[in-house]
Amino acid sequence: MPQSFVQNFAHLVFSTKHRLPLITSDIETSLHKYLTATCLNLNCYPKRIGGYNDHVHILCDINKNMLVTDFVKEVKQSSSKWMKATHSRRTFYWQAGYASFSVGYSDIGSVVNYIDVQHDHHRKETFQDEVRRFLFVHDIPFDERYMWD
């Protein structure tokens, strides 16, 4: 085959350092727009970006020529600098790690819906419990001692 055809949807989740509630309602929309633009500049195509005051969810079709680690690094570095410069959040940092889960085409709608209801969802479940649940559902082993910064 002379061409490569790839669709690589990933559901990415990462939080602010120490899960501080730094993504306030007055900047949440502009942060999500900035993250969308960053994804597009990397030739990655977001289906949905959302989150809560201490973390973000990105459902994105990752470019076939980009490693997920490189994608996340660029998104986090760029948006952290932007938050400091644009919104005077001089102490804004993302956590060191992230979670990434592959998403099949038939599951995109349910992940979009999940991201859309983050504010309601987090009235009942903490970010830490959400991540633990995702890791359990996806059968990813983890050691709680090394989970949180």
Side-chain angles (χ1 to χ4, degrees), residues 4-135 137-138 140 142 146-149:
S4 298
F5 300 97
V6 176
Q7 188 174 64
N8 184 21
F9 280 100
H11 178 189
L12 302 154
V13 183
F14 50 90
S15 78
T16 59
K17 189 167 185 163
H18 305 298
R19 289 155 315 285
L20 295 173
L22 299 174
I23 306 170
T24 55
S25 60
D26 59 318
I27 63 170
E28 183 179 40
T29 299
S30 61
L31 172 62
H32 295 169
K33 286 180 182 179
Y34 183 84
L35 291 168
T36 298
T38 303
C39 292
L40 292 171
N41 286 338
L42 295 169
N43 293 318
C44 298
Y45 301 95
K47 283 286 189 185
R48 186 68 90 236
I49 296 178
Y52 196 55
N53 61 14
D54 62 350
H55 70 282
V56 295
H57 292 257
I58 300 174
L59 175 60
C60 193
D61 187 0
I62 307 292
N63 181 315
K64 68 182 179 185
N65 297 314
M66 180 164 276
L67 297 172
V68 172
T69 54
D70 294 339
F71 172 75
V72 173
K73 179 181 177 183
E74 181 60 36
V75 167
K76 287 168 65 174
Q77 282 182 346
S78 177
S79 59
S80 182
K81 289 177 186 175
W82 178 82
M83 286 287 282
K84 290 171 184 165
T86 305
H87 292 289
S88 300
R89 299 285 204 265
R90 287 176 178 68
T91 60
F92 186 91
Y93 297 95
W94 294 112
Q95 70 177 92
Y98 65 94
S100 177
F101 307 99
S102 55
V103 177
Y105 187 77
S106 62
D107 294 322
I108 289 172
S110 63
V111 176
V112 165
N113 291 337
Y114 181 81
I115 292 171
D116 284 347
V117 297
Q118 282 295 291
H119 283 259
D120 290 334
H121 170 75
H122 285 291
R123 290 188 186 119
K124 301 173 202 142
E125 185 177 49
T126 66
F127 171 73
Q128 293 97 320
D129 288 340
E130 178 179 56
V131 171
R132 286 184 199 103
R133 181 172 47 80
F134 280 153
L135 295 173
V137 166
H138 290 274
I140 299 172
F142 64 94
Y146 307 107
M147 288 280 293
W148 317 111
D149 50 7

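Here the CG atom belonging to Leu40 is positioned 11.0 Å from the CG atom belonging to Leu35, to the nearest 0.5 angstrom. For the atom pair CG of Asn41 and OG1 of Thr36, the computed distance is 11.0 Å after rounding to the nearest 0.5 Å.
The two residues Ser79 and Tyr34 come nearest to each other via the heavy atoms CA-CE2, 3.6 Å. Looking at every heavy atom in both residues, Pro46 comes nearest to Cys60 through N-SG, 3.7 Å. Contact between Ile115 and Ile49 at its shortest, heavy atoms only, is CG2-C, 3.9 Å.
Considering Ser102, Ser100, Cys39, Cys44 in turn, Cys44 is the only one that fulfils the side chain to side chain contact (heavy atoms under 4.5 Å, CB included) rule with Ile62. Screening Trp94, Tyr98, Tyr93 for a ring pair (Phe, Tyr, Trp, His ring centres under 6.0 Å) with Phe14, the sole residue that qualifies is Trp94. None of Arg123, Glu125, Lys124 except one satisfies the side chain to side chain contact (heavy atoms under 4.5 Å, CB included) rule with His121; the exception is Glu125.
Applying the side-chain hydrogen bond (donor to acceptor under 3.5 Å, both in side chains) criterion to Thr38, with sequence neighbours excluded, gives no partner residue. For Arg90, there are no salt bridge (charged side-chain N to carboxylate O under 4.0 Å, His left out) partners at least two apart in sequence or on another chain. Looking at residues two or more places apart in sequence or on another chain, you find a side-chain contact (heavy atoms from CB on, under 4.5 Å) between Tyr146 and Asp143. For the side-chain contact (heavy atoms from CB on, under 4.5 Å) test, residues two or more places apart in sequence or in another chain that qualify with Leu20 are Thr16, His18, Leu22. When the side-chain contact (heavy atoms from CB on, under 4.5 Å) test is applied to Ile27, the partners found at least two apart in sequence or on another chain are Thr24, Ser30, Met83, His87, Arg89. Residues satisfying the side-chain contact (heavy atoms from CB on, under 4.5 Å) criterion with Glu28, sequence neighbours excluded, are Ile23, His32, His119. Not counting sequence neighbours, the partners of Arg132 by the salt bridge (charged side-chain N to carboxylate O under 4.0 Å, His left out) test are Asp129, Glu144. Judged as a salt bridge (charged side-chain N to carboxylate O under 4.0 Å, His left out), and not counting sequence neighbours, Asp26 has no contacts.
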Contacts table for residues 64-76: side-chain donor-acceptor under 3.5 angstrom, sequence neighbours left out:
{"from": "Lys64", "atom 1": "NZ", "to": "Ser4", "atom 2": "O", "distance (Å)": "3.3"}
{"from": "Lys76", "atom 1": "NZ", "to": "Gln95", "atom 2": "O", "distance (Å)": "2.7"}
{"from": "Lys76", "atom 1": "NZ", "to": "Ala96", "atom 2": "O", "distance (Å)": "3.2"}
{"from": "Lys76", "atom 1": "NZ", "to": "Gly97", "atom 2": "O", "distance (Å)": "3.0"}

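Among pairs with a residue in residues 12-24, those fulfilling salt bridge (Lys or Arg N to Asp or Glu O under 4.0 Å) read Arg19-Asp149, at least two apart in sequence or across chains. The salt bridge (Lys or Arg N to Asp or Glu O under 4.0 Å) contacts involving residues 104-117 comprise Arg48-Asp116, where partners must be two or more places apart or lie in separate chains. Sorted by first and then second residue, the side-chain hydrogen bond (donor to acceptor under 3.5 Å, both in side chains) pairs with a member in residues 52-62 read His11-His57, His55-His57, His55-Gln118, His55-His122, His55-Glu130, His57-Gln118, His57-Glu130; sequence neighbours excluded.
Counting heavy atoms from C-beta on, the side chains of Trp148 and Ser15 never come closer than 4.5 Å.
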